[in-house]
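I have placed the structure first, in the form of structure tokens, so that the comments after it can refer back to it.
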There are 2 protein chains.
Amino acid sequence: MTNDERSDATRTRILDAAVACFTREGYDATSVSDVCRAAGVSKGAFYHHFDAKQAVFVALLEPWLAELDAAVTEALTRRQPAPQRLVHLATLVNRVTAEGRGRIPMFLEFWRQAAKDPSVWRVTVEPYRRFRSSFVRLVEDGVAEGSLRPVDPDLAALVLVSLGVGLVLQGALDPVSPAGQGLGERAIALLLEGITNGGAS
Amino acid sequence: MTNDERSDATRTRILDAAVACFTREGYDATSVSDVCRAAGVSKGAFYHHFDAKQAVFVALLEPWLAELDAAVTEALTRRQPAPQRLVHLATLVNRVTAEGRGRIPMFLEFWRQAAKDPSVWRVTVEPYRRFRSSFVRLVEDGVAEGSLRPVDPDLAALVLVSLGVGLVLQGALDPVSPAGQGLGERAIALLLEGITNGGAS
DNA sequence: TAATATAAACCGACCGGTCGGTATGTACCG
DNA sequence: CGGTACATACCGACCGGTCGGTTTATATTA
């Protein structure tokens, strides 16, 4: 094995071990030594690859956020009426809930720390801002094309994102929720149609 | 000052200092000594009033949750149609967002730890479960009385709570959201009416 | 009321242990 | 050989929690 291959391998082993530990114990509660032990790697190797404990977390967070961002923009640029695009976007909730099971609390914990560290703030809040403004545009599109009622786009976007965040969060923190198949789509359908009885039985 | 008054005073000073520290630094990051220093109290006094660091957190969390629970049951037992009760309930979002500004991330962080400690799990998740089942009953009522469409009560309740959680969370983590007055009511109105264009201009 | 006794509230030095991070040595690839 | 990848040993700081002792308020005497 070449040097570079070896290096990459240990790096990913550290990353994998870190996500496992952080998920199980939380960020603060896991020591660097824990990660090293789980990765089967020495502390020297750890600090050879990462400047600090926090750097591991950013390395973990960044690709995840990027993936999310890509999925959103993909769904947003589809040539469909706004409601359909929204429903399609709703499947994201399922994906994030499924693959992010235990990781979400961890990211939440990290988000908390972000308030202190500007470098982390950038990595977390900036994608979120883009995320929400994407929704604003989506709603504006829908209103313009007449597929959506003339609602306040900012408010609607906030509600949409809130719904998504809330669903993912509840799925992560209390998995006993009455989820079932296609939770995201069904939830968004409720929002699209409304729940008041407009006369129909 | 009597002994009891003195005791209560220091206890509340510890609690106040704790919420300040936890809010600013996070739970794990604040040491007991930090809290003591901020409260102007010795470590001995601290451990005289609380068994452990965690006990402070439960003491902080419990009344807050109880207050929330009381407000919910109050709104839920009103003799009104379900939609009105929902709108009234929506004002809770404003209250929680306002008075819980910096505290929510802290509670979130604690919720994360709750997964490990059963005693904490009870205090946090149990009220949440009650919370959600209250919503289920509310929706069932609405469907029964005909004010709400015959939607799945479990799903609707999940969506409602998600919306609330999401709104509060975003308000807390990124206060630059386009909130404005009566955000909760306006959000719930959107959900009640739906956002698709049903033919009306 | 003054003196005394007792209990509760409070203090702060201190403990074992762990933490994130560093300095130094070794093995191996190019 | 030169340098990169890793291992080991170690550092000072700090953690949550304990403990023996001191102050303060109350109960009981006389």
May I ask you to evaluate whether A/S7 reaches the phosphate of D/dA5, defined as a side-chain N or O under 4.0 Å from OP1 or OP2?
yes
Please enumerate all residues that pass side chain to side chain contact (heavy atoms under 4.5 Å, CB included) together with A/A59, with sequence neighbours excluded.
A/R11, A/L15, A/F50
Quick one: list whatever passes side chain to side chain contact (heavy atoms under 4.5 Å, CB included) with B/T91, sequence neighbours left out.
B/N94, B/E185
Test: B/K53 cationic atom under 6.0 Å from B/Y27 six-membered ring centre, within 45° of axis:
yes
Residues which pass side chain to side chain contact (heavy atoms under 4.5 Å, CB included) with B/V120, listed by chain and number, not counting sequence neighbours
B/Q54, B/F110, B/A114, B/D117, B/T124
So which protein nitrogen or oxygen atoms get under 3.5 Å of nucleotides 15-19 of chain C's nitrogens or oxygens?
none

A/Y47 OH to C/dG21 C1', straight-line distance once rounded to whole Å
5 Å
Length of the line joining A/H48:NE2 and C/dC28:P, which is rounded to integer Å
16 Å
Residues 129-173 of chain A vs ring pair (Phe, Tyr, Trp, His ring centres under 6.0 Å), sequence neighbours excluded, gives A/F131-A/F135
Whole-Å distance separating the CD1 atom of A/I14 from the C1' atom of D/dC6
10 Å
I need the NE2-C1' distance between A/H49 and D/dA5, as an integer number of Å.
7 Å
Mind checking what makes side chain to side chain contact (heavy atoms under 4.5 Å, CB included) contact with B/A71, not counting sequence neighbours?
B/L92, B/R95
